[in-house]
Amino acid sequence: MKPRSFIPRDTDPEANEIQTRAYRRMGGVGRIAVMFRLTAMTKRNAAAGIRERHPDYDEERVRVALCRLLFGDELTRRVFGIRKLPVP
């Protein structure tokens, strides 16, 4: 039985099929590698957005603001022990 693919509304079905076949050819390890690269790229882009919005933040504040964005206030406070969290 062929697995069903999710087709985003903004993607041509033929393009989606080509992408799906490419991911299947990669195998599990290849797909995981892509996932890690995309995750790292997303975090870099989010941190760059924080730096752009808050040029006064040092790298530690950027890191805390990114953590807040990714994991929420409660966990960020527990990890960093900070009451007043920087705005992402």
[atom1] of [X] to [atom2] of [Y]: how many Å apart, nearest 0.5 Å?
X: L38; Y: K43; atom1: CG; atom2: NZ; result: 12.5 Å
X: R51; Y: D58; atom1: CZ; atom2: CG; result: 10.5 Å
X: E14; Y: I18; atom1: CD; atom2: CD1; result: 5.0 Å
X: R44; Y: T39; atom1: CZ; atom2: OG1; result: 10.5 Å
X: E17; Y: T11; atom1: CD; atom2: OG1; result: 12.5 Å
X: L69; Y: T76; atom1: CG; atom2: OG1; result: 9.0 Å

Between [X] and [Y], which heavy-atom pair has the shortest distance, and what is it?
X: R31; Y: Y23; value: NH1-O, 3.0 Å
X: V62; Y: Y57; value: CG2-CB, 3.9 Å
X: L66; Y: A46; value: CD1-CB, 3.6 Å
X: P86; Y: A65; value: CG-N, 3.9 Å

Same cluster or not: V34 versus M41, using hydrophobic residues (I, L, V, M, F, W, Y) connected whenever any side-chain heavy atoms lie under 4.5 Å apart?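 Shared cluster, yes.
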Side-chain heavy atoms under 4.5 angstrom apart, residues restricted to Ile, Leu, Val, Met, Phe, Trp, Tyr: same cluster for I32 and M26? no
Please say whether more than 12 non-hydrogen atoms of neighbouring residues, nucleotides or ligands are located less than 6.0 Å from CD in E60. yes
Salt-bridge present (E59, R63; N to O < 4.0 Å): no
Tell me, do V79 and L75 make a side-chain contact under 4.5 Å, heavy atoms counted? yes
State, with a plain yes or no, whether a side-chain heavy atom of H54 is found less than 4.5 Å away from one of V87. yes
For R68 and D73, indicate whether the former's side chain and the latter's backbone hold a donor-acceptor pair under 3.5 Å.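 Pair absent, no side-chain N/O of R68 close to backbone of D73.
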